[in-house]
Every structure is written in structure tokens, then in C-alpha cells.
Amino acid sequence: MLDDAARALAGGGAVAFTGAGMSAEAGIPTFRDPGGVWERFDPDVYGTWEGLARASLERPDGVAAFLAELRRVFARARPTPGHHALARLEDDGLLDAVVTQNVDGLHQEAGSRRVVEIHGSFSRLVGLVCSHREEIGRQRFVEALDRAMTGLRSGFVSSLGAILPRCSIDGAPMRPDFVAFGEPPQAFEEADDLVRAARVLLVVGTSGEVFPAAELPERARAAGAVVVEVGRGETRVPADVRLDGDAGVILPALADAVPRDA
């Protein structure tokens, strides 16, 4: 199976589509699975900006605990060998882009250059008024969480906006640029165009259950792409070739196995 996947990638024109399994290997537990964040924090409250705004006034200690959990997992996360393998495939001209559901910025840290983040990113801020976007990276995100937790625990929070960073353009609050519940995906048209044009779609670490992202492998296959899946457990991904195991083990082996022109 590894040889089949390697031969498929050898022709180039591949796009990677990654999900929470890659983040989990980097130390960021999935939000939805048993033991995940949404099992301990009500997503109707902590997964929407309206809920967070209310909770920051009504139960600031709860919001501080939620932010502390985000800080704990994002501060320690690092790109895995799987992230680095995808960057290497791009460097070698075999992979055109990464489309990801993950919000951790680890693909960019590993060296991937074209990354389409359809669920946004914690490594970027967006202005609540002017929609100006600013890349901040993981360290500055962690520092922003520290300031927000200090504000929440001070007991003098007038609003959620009072603890958010300020926009350099208009001075209004900025929020992390991730897709909260009820919000549409970002750059989905670009992601759709990429997977439909791909010769190979390399699907890594996703269950194929979160829509509309879960539609992308089927759209790629309908357009003629070979779908190669890497991951553990049962999924709904319509794969032509499946490699069962950890991305951090399989992707480096796959990158090594792809034939290169002499």
C-alpha cells in the first residue's frame, strides 16, 4: 500500500487535506472526541463569540479556565515529523498545497508555504470592526491568553472586548481568527478549487464527519483524483488507498518512498 501511494504521488499535482488527527499527534487533543475540550466546556457557551461574551461577564472564572486549557495545549505543541514530511513534499514539487481543518498553525511552522485554513487559525487575529487580519504566531497567541486570563481573574471585566488585543488600524478589539460554531468556513472556494484540480488528494487525520469540509475528498474523487488516506480507525473518507497508522510515522516513510527523477 505504501508503494501504491508513493507511485501516485510521484507524478506531482497532489494536495493534502488534514484534520484533527495531525494536531492530536502534536499534543493538541481533539475538541470533539471523548475527553476532548467540548466534553468539559459547553460548546454552546465556549464555542461561540456570543456565548463567550456572556460568560466573560457572568462566569469569568469559567472563561479563564477555558483559556487556561487552550494555553496548556497550544503552548507545548510542536510540528510532528508528519508536518515536516508534508513540507518536504512541497519543497520537492510534489505537493501543491495543504488544505487544513486545524487552527494551530503547525503546518506553517514546519515549513509548508501554501496552507489554506478553512477553520481559521489561532495564530492570526482579525479586527472586529475593520476585519484587518494580522499574523501573530503561537507565542504571541499564548501571551494574549495570559493577558486575557489575568483580566478575567481580576474581577473587573466590563466586556469581552476589554480583554482582547487592539487593532493597529482602528484601535478596535481583535479576536483570534478561528471559525466559531455558526460561522461559515474560510477560503472554502479556494480549498474546493484546489481539491478538484488535484491529481492526488492526500487525506490525513480526519474522520470525514465535519461538514462542509467532509465533502472535499468526495469532490476530489469525483473530479478524477486518487484519494490516499493516512490515519487510524474507521472514517467516512472515500479512499482509493488507505495507510493505517500515525501520520508522524507514515508520512515521512511515504515522502522517502516517492520516486524522484534522477
Side-chain angles (χ1 to χ4, degrees), residues 18-33 35-41 43 45-49 51-53 55-56 59-84 87 98 100-112 115 117-128 132-157 159-169 171-181 183 186 205 248:
T18 67
M22 284 205 79
S23 294
E25 289 184 33
I28 301 175
T30 59
F31 277 46
R32 297 172 181 270
D33 289 343
V37 172
W38 297 142
E39 194 171 87
R40 288 167 289 144
F41 297 94
V45 176
Y46 299 99
T48 70
W49 281 100
L52 280 170
S56 66
R59 38 182 146 163
D61 286 344
V63 177
F66 174 66
L67 298 185
E69 176 64 10
L70 292 184
R71 187 200 188 288
R72 182 182 70 82
V73 297
F74 280 93
R76 70 185 185 187
R78 296 293 185 274
T80 68
H83 290 94
H84 288 291
V98 176
T100 186
Q101 301 171 82
N102 300 333
V103 296
D104 48 44
L106 293 177
H107 285 298
Q108 292 92 327
E109 282 194 42
S112 291
V115 182
E117 297 166 312
I118 60 176
H119 291 163
S121 176
F122 280 124
S123 297
R124 185 171 59 245
L125 298 176
V126 59
L128 295 182
H132 167 67
R133 284 179 163 82
E134 179 181 335
E135 296 290 338
I136 60 170
R138 179 157 47 88
Q139 184 56 41
R140 284 181 60 194
F141 171 63
V142 169
E143 292 167 358
L145 289 176
D146 286 335
R147 289 191 294 271
M149 286 187 290
T150 298
L152 287 163
R153 288 166 174 161
S154 72
F156 297 103
V157 178
S159 69
L160 180 61
I163 60 173
L164 293 175
R166 295 288 157 171
C167 178
S168 61
I169 303 299
M174 301 187 82
R175 52 162 271 193
D177 190 25
F178 73 98
V179 175
F181 285 127
E183 295 179 341
Q186 298 181 11

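Note that these values count all heavy atoms, side chains included, but never hydrogens, waters or copies made by symmetry.
Within the 4.5 Å cutoff, the side chain of Gln108 has no heavy atoms near those of the Glu135 side chain. A heavy-atom distance below 4.5 Å is not found between the side chains of Ile163 and Arg147. A 4.5 Å side-chain heavy-atom check between Glu134 and Ser168 finds at least one atom pair inside the cut-off. Counting only heavy atoms from C-beta outward, the side chains of Pro176 and Arg124 never approach each other to under 4.5 Å. Contact annotation: the side chain of Arg138 never approaches that of Asp104 to less than 4.5 Å [non-hydrogen atoms, C-beta and beyond]. Looking at His107 and Met22, their side chains come closer than 4.5 Å, going by heavy atoms from C-beta outward.
Taking the six-membered ring where the residue is Trp, Trp38 and Phe181 present tilted rings, their angle falling between 30° and 60°. Relative ring orientation between Phe41 and Phe66 is described as perpendicular, the plane-to-plane angle rising above 60° on a 0-90° scale split at 30° and 60°. Note: Phe141 and Phe74 have perpendicular aromatic rings, judged against thresholds of 30 and 60 degrees for the angle between ring planes.
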*Should Met174 and His132 be marked as a side-chain contact (heavy atoms from CB on, under 4.5 Å) after you check the CA-CA gap, both sets of side-chain angles, and the distance that decides it?*
CA-CA 9 Å; Met174 301 187 82; His132 167 67; 4.1 Å; yes

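Note that the OG1 atom of Thr100 and the CD1 atom of Ile118 stand 7.5 Å from one another [nearest 0.5 Å]. Atom CD in Glu109 sits 7.0 Å away from atom CZ in Arg78 (nearest 0.5 Å). With rounding to the nearest 0.5 angstrom, the OG atom of Ser121 is 8.5 Å from the CD atom of Gln186. The structure places CZ of Phe122 at 9.0 Å from CD1 of Ile28, a figure rounded to the nearest 0.5 Å. With rounding to the nearest 0.5 angstrom, the NE2 atom of His84 is 9.5 Å from the OG atom of Ser112. Residue Asp177 holds its CG atom at 10.0 Å from CD1 of Ile136, rounded to the nearest 0.5 Å.
The minimum heavy-atom distance linking His119 with Val103 is given by the pair O-CG1, 3.2 Å. Considering all non-hydrogen atoms of both residues, Val63 and Ala55 come closest at CG2-CB, 3.5 Å. Heavy-atom minimum distance, Gly120 versus Val179: N-CG2, 3.9 Å. Contact between Trp49 and Arg175 at its shortest, heavy atoms only, is NE1-CZ, 2.6 Å. The shortest heavy-atom contact between Ser123 and Gly105 is OG-CA, 4.1 Å. Residues Ala26 and Leu106 approach most closely at CB-CD1, 3.5 Å, considering heavy atoms.
Arg133 and Glu117 are not joined by a salt bridge, as no carboxylate oxygen comes within less than 4.0 angstrom of a charged side-chain nitrogen. Comment: Glu143 does not engage Arg140 in a salt bridge, judged by the lack of any side-chain N to carboxylate O separation of less than 4.0 angstrom.
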